[in-house]
Protein chains: 2
Amino acid sequence: MMKQGVNVMPDRNCRGRPWLHGKFKGCGYRLTMGREAILGVLSKHAGHLSAEDIYMKVHPGHPNVGLTTIYRTLDVLSNLGLVYKLDFGEGRARYELAQGPKGAHHHHHLVCTGCNKIIDYTDFIDEEVELLKETERGLSRKYDFNITNHIIQFYGLCEKCKGKK
Amino acid sequence: MMKQGVNVMPDRNCRGRPWLHGKFKGCGYRLTMGREAILGVLSKHAGHLSAEDIYMKVHPGHPNVGLTTIYRTLDVLSNLGLVYKLDFGEGRARYELAQGPKGAHHHHHLVCTGCNKIIDYTDFIDEEVELLKETERGLSRKYDFNITNHIIQFYGLCEKCKGKK
DNA sequence: CTGTTATTGGAAACCATTTTCATTATAAAA
DNA sequence: TTTTATAATGAAAATGGTTTCCAATAACAG
């Protein structure tokens with residue numbers, strides 16, 4: 001568990017300036033060059049990046065930023081709710097920006113268990129989200145939970161993989 | 001990837017054997033004592049067992065069954081669809097029987113990110129499952145996927161954890 | 001019973017992630 | 001600007017769940 005100095009990691013309700021960097025500062029975090037670079041990579045390459053992917057993209061411009069910092073920053077971002085930590089069962093986590101400043105489209109994932117190809121789908125999202133909200137409300141009440149997040153993923157074989165045995 | 005057993009023959013229920021064991025043999029796998037013990041533990045303790053949990057429960061009666069065998073067996077069972085491999089973000093996988101012979105009740109999970117408590121809920125399941133089926137159909141058609149499984153999980157803080165800072 | 005080969009245990013390897021710790025850099029105070 | 005407190009950092013080492021290796025063993029068919 002990351003433990004930094006006096007202040008415990010703030011929660012997702014932190015308010016700050018408009019976008020990522022501002023949000024970051026607004027939550028009491030120092031904005032270092034390494035972190036700026038990481039935030040930059042995340043906002044530029046919307047995808048499902050592993051910690052190492054990010055490291056590789058940050059490295060050329062900032063050879064002195066280590067993998068450790070990538071992990072630490074992602075942990076912070078994830079706790080702030082700015083980044084989703086995804087698990088596609090590959091034995092490594094992947095990360096993606098929760099939302100752009102203008103509210104990027106919400107999507108869920110369709111994962112091929114054969115080749116690990118991942119499809120972001122937005123179809124059916126509206127119905128799903130609506131049902132999820134209802135379910136969330138119900139669960140919150142019944143189990144006295146404060147629900148902050150959900151996962152929906154479908155697994156199967158893509159056209160290429162379902163052919164072979 | 002584990003590769004064993006030549007034939008992928010469907011269930012030919014083995015006489016006098018419990019459902020799970022029969023299914024196992026029916027698929028061309030040898031039924032060893034270690035595997036019997038593991039199947040036994042899985043059917044007796046419905047829960048979210050980690051590989052080590054299972055090891056601990058198997059060990060007293062079968063001190064010669066190693067952790068490696070637990071992992072290998074779980075992998076086979078998971079590939080057969082008899083067991084679900086679950087991930088609650090603890091850094092270790094957990095496993096539970098997919099279904100009893102008479103079709104145990106389907107459930108989804110509600111996970112406390114504070115204390116890792118996990119609640120199996122069946123409320124709302126019907127609506128969820130119905131929507132999932134539809135979505136599944138749609139996704140299968142649109143992306144030419146052969147969907148075999150899905151995940152739905154809600155994350156949040158339980159009554160105990162949401163109080164503390 | 002015998003032969004074939006799936007299965008096994010134990011140790012070592014693997015590898016993403018975390019921890020340690022001495023050093024550095026950031027932001028605020030003076 | 002300079003000082004000051006301490007958050008943040010990198011490099012290396014540690015961690016820990018899972019997998020691989022390989023020689024020995026045991027299921028099962030014939």
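Quick caveat: nothing in here was measured; it's all calculated off a predicted structure.
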query = Under 4.0 Å between a side-chain N or O of A:Tyr71 and OP1 or OP2 of C:dT17?
reply = yes
Side-chain N or O of B:Arg35 closer than 4.0 Å to phosphate OP1/OP2 of D:dA27 = no
key: Step-by-step side-chain hydrogen bond (donor to acceptor under 3.5 Å, both in side chains) determination, A:Ser78 to A:Asp75   = CA-CA 5 Å; A:Ser78 175; A:Asp75 194 34; 5.4 Å; no
Between [X] and [Y], is any pair of side-chain heavy atoms under 4.5 Å apart?
X        : Y        : answer
A:Lys162 : B:Asp144 : yes
B:Tyr95  : B:Ile38  : no
B:Leu110 : B:Ile118 : no
A:His150 : B:Ile152 : no

Let me know the distance between [atom1] of [X] and [atom2] of [N], rounded to the nearest Å.
X       : N      : atom1 : atom2 : result
B:Asn79 : D:dT19 : CG    : C1'   : 15 Å
A:Arg92 : C:dT18 : CZ    : C1'   : 17 Å
B:Arg94 : D:dG17 : CZ    : P     : 11 Å
A:Glu90 : D:dT18 : CD    : P     : 16 Å

Nucleotide N/O to protein N/O under 3.5 Å, stretch nucleotides 25-29 of chain C:
from	atom 1	to	atom 2	distance (Å)
C:dT26	O2	A:Arg30	NE	3.4
C:dT26	O2	A:Arg30	NH1	2.6
C:dT26	O2	A:Arg30	NH2	3.1
C:dA27	OP1	A:Leu31	N	3.1

task = Give me the residues of residues 46-67 of chain B where at least one heavy atom lies under 4.0 Å from an atom of DNA chain C, by number, or none.
result = B:Asn64, B:Val65, B:Gly66
Position toward the 5' end of DNA chain D (nearest nucleotide), B:Gly91 or A:Phe24 =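 Whichever sits nearer the 5' end wins; that is A:Phe24.
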query = Is the backbone of A:Thr73 close enough, under 3.5 Å, to the side chain of A:Arg35 for a donor and an acceptor to pair up by distance?
reply = no
request  = Tell me which nucleotide among D:dT18, D:dT9, C:dG10 gets nearest to the side chain of B:Arg72.
outcome  =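 The nucleotide sitting nearest to the side chain is C:dG10.
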ask   = Taking all atoms of both residues into account, what is the closest heavy-atom pair of B:Val65 and B:His59, and its distance?
value =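 In this case the closest contact between B:Val65 and B:His59 is O-ND1, 4.4 Å.
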key: Whether B:His106 and B:His108 hold their rings parallel, tilted or perpendicular, with breakpoints at 30° and 60°   =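 B:His106 and B:His108: perpendicular rings.
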ask   = For residues B:His107 and B:Glu96, is any side-chain donor paired with an opposing acceptor at under 3.5 Å?
value = yes
